[in-house]
Amino acid sequence: MASKIENMWAASRFVLPEQRELYLQHREDMKLVKMPELEQDELESFHYLIRDSAREDYAITITWWQPVKEDLGKTCSMWGVIKWMDQNSRRVKLVNDEESRWIQMDAIIDVIP
């Protein structure tokens, strides 16, 4: 059986737009996660795959954590080839057929070859 907050629309015939907006915002906030803690060997493995993708020109999938509220955020993922590594700003440029994006090295949580 669904809880009252999940079945809010069935119990009421009239809902104010502000109530609906707050309810939808609450549902989005429940999807947010904390940034995972990574071990040093995982980070070294990610950096190796990123450097290898840039050198050998093959596609990888990078997953990173993007902050939304305080210490909570969401995970994003994109595949592509590393075209540029900015050592000063600690970010990489990931490019695929549709888009290109700069990703902070400190936010990367997974790299898949």
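None of the values given here were measured: they were computed from a predicted structure.
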>> I'd like to know whether V81 forms a side-chain contact (heavy atoms from CB on, under 4.5 Å) with V95, so could you lay out the CA-CA distance, the side-chain angles of the two residues, the decisive distance to 0.1 Å, and finally the verdict.
In response: CA-CA 5 Å; V81 177; V95 178; 5.7 Å; no
>> I'd like to know whether R91 forms a side-chain contact (heavy atoms from CB on, under 4.5 Å) with D106, so could you lay out the CA-CA distance, the side-chain angles of the two residues, the decisive distance to 0.1 Å, and finally the verdict.
In response: CA-CA 8 Å; R91 61 186 186 158; D106 299 331; over 6 Å; no
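When hydrophobic clusters are built by joining Ile, Leu, Val, Met, Phe, Trp and Tyr residues whose side-chain heavy atoms come closer than 4.5 Å, directly or via intermediates, I62 is grouped together with M78. By the rule that hydrophobic residues join a cluster once side-chain heavy atoms approach within less than 4.5 Å of another member, M35 and V92 end up as members of one cluster.
D97 meets the side chain to side chain contact (heavy atoms under 4.5 Å, CB included) test with W79; sequence neighbours excluded. Applying the salt bridge (charged side-chain N to carboxylate O under 4.0 Å, His left out) test to E56 and every residue at least two apart in sequence or in another chain returns nothing.
Under the 4.5 Å side-chain criterion, counting only non-hydrogen atoms from C-beta, Y58 is in contact with D52. No side-chain heavy atom of L94 sits less than 4.5 Å from a side-chain heavy atom of S100.
Residue W84 belongs to a hydrophobic cluster whose other members are W102, with links defined by side-chain heavy atoms closer than 4.5 Å. By the 4.5 Å side-chain criterion applied to Ile, Leu, Val, Met, Phe, Trp and Tyr, L32 is assigned to a cluster that also includes V68, L72. I112 shares a hydrophobic cluster with no other residue; no ILVMFWY side chain has heavy atoms under 4.5 Å from its own.
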Return all side-chain donor-acceptor pairs below 3.5 angstrom for residues 40-50, not counting sequence neighbours, or 'none' if the list is empty.
residue : atom : partner : partner atom : Å
E42     : OE1  : E39     : N            : 2.9

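Among all heavy-atom pairs drawn from A54 and M85, the shortest one is CB-SD, 4.3 Å. G80 and S53 make their closest contact through O-OG, 4.5 Å (heavy atoms, listed as atom of the first residue, atom of the second, distance).
Considering CZ of R55 and CZ of R51, their distance stands at 7.0 Å, rounded to 0.5 Å. Separating the CD atom in Q25 from the CZ atom in R20 is a distance of 12.5 Å, to the nearest 0.5 Å. Atoms CZ and NZ, from R101 and K93 in turn, are 12.5 Å apart once rounded to the nearest 0.5 Å. Taken to the nearest 0.5 Å, the CG atom of D86 stands 13.5 Å off from the CD1 atom of I103.
When the options V111, I108, I109 are evaluated for a side chain to side chain contact (heavy atoms under 4.5 Å, CB included) with T63, the one that passes is I109.
The backbone N or O of W65 sits nowhere less than 3.5 Å from a side-chain atom of T75 that would complete a donor-acceptor pair. Between the side chain of W64 and the main chain of M105, no donor-acceptor pair closer than 3.5 Å is present.
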